[in-house]
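These notes concern the structure reproduced below.
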Amino acid sequence: MKEQRIQQWITNFNEQIVLVETEFKSSFKQRPLKDYYQIKVHEDIGYISIEILNRQDLNTEIIDAITVALLRAKPRFKLLD
């Protein structure tokens with residue numbers, strides 16, 4: 001179940017990050033957005049996180065948008081009764 005949750009989260013995040021890249025496309029003429037973050041997988045707890053790389057090269061709005069993309073991408077599973 002944890003592996004499925006992680007895979008779904010990464011898939012969802014990749015979809016969300018395309019929206020971020022589109023919104024801030026003028027900021028990524030030199031390097032693609034994917035060069036500014038790294039996904040870290042925590043398989044033991046079924047969680048992913050992101051590390052922002054080259055933070056000094058990004059404005060706060062882009063960092064916030066990447067973070068929001070991660071949060072929006074998190075899979076929501078119903079609890080069983």
Side-chain angles (χ1 to χ4, degrees):
M1 182 68 157
K2 288 179 188 176
E3 297 85 18
Q4 179 186 7
R5 178 183 172 91
I6 289 170
Q7 285 308 113
Q8 185 62 53
W9 199 345
I10 292 171
T11 299
N12 294 349
F13 177 73
N14 288 332
E15 292 169 2
Q16 290 291 319
I17 210 69
V18 167
L19 301 174
V20 173
E21 193 163 31
T22 301
E23 182 178 352
F24 296 101
K25 66 182 172 187
S26 63
S27 300
F28 303 110
K29 291 183 179 178
Q30 302 289 14
R31 296 171 60 188
L33 178 58
K34 66 181 180 173
D35 288 352
Y36 291 97
Y37 68 88
Q38 180 178 19
I39 297 174
K40 298 204 175 230
V41 177
H42 309 275
E43 291 181 14
D44 54 331
I45 58 173
Y47 198 82
I48 68 170
S49 62
I50 53 172
E51 178 182 355
I52 304 294
L53 310 170
N54 304 313
R55 189 177 282 270
Q56 69 279 1
D57 296 339
L58 296 174
N59 64 39
T60 305
E61 290 83 13
I62 296 173
I63 294 170
D64 290 347
I66 294 170
T67 304
V68 168
L70 178 72
L71 297 173
R72 283 188 179 151
K74 184 177 181 182
R76 309 289 189 247
F77 292 104
K78 287 184 171 183
L79 296 175
L80 299 175
D81 293 331

Listed once per pair and sorted, the salt bridge (Lys or Arg N to Asp or Glu O under 4.0 Å) pairs that draw on residues 62-74, sequence neighbours left out: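 Of all non-adjacent pairs touching residues 62-74, none passes salt bridge (Lys or Arg N to Asp or Glu O under 4.0 Å).
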Results of side chain to side chain contact (heavy atoms under 4.5 Å, CB included) for [X] - residues two or more places apart only:
X: E23; answer: none
X: E51; answer: Q38, K40, L53
X: N54; answer: R31, Y36, Q56, D57
X: Q30; answer: none

Residues clustered with L19, ILVMFWY side-chain links under 4.5 angstrom: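 Members alongside L19: none; it stands by itself.
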Closest non-hydrogen atom pair between S49 and H42, with its separation: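 For S49 versus H42, the nearest heavy atoms are OG-NE2, 2.9 Å.
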Residues Q8 and N12: side-chain donor-acceptor under 3.5 angstrom: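 Looking only at side-chain atoms, N12 and Q8 do form a donor-acceptor pair, the distance falling under 3.5 Å.
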Nearest-0.5 Å distance, CZ of residue F13 to CD1 of residue I50: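 Rounded to the nearest 0.5 Å, the CZ-CD1 separation comes to 5.0 Å.
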Results of side-chain hydrogen bond (donor to acceptor under 3.5 Å, both in side chains) for S26 - residues two or more places apart only: none
Side chain proximity check, E21 to P32, heavy atoms < 4.5 angstrom: yes
Those residues that, when tested against Y47, pass ring-ring contact (aromatic ring centres under 6.0 Å, His included) (two or more places apart):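 Residues passing ring-ring contact (aromatic ring centres under 6.0 Å, His included) with Y47: W9.
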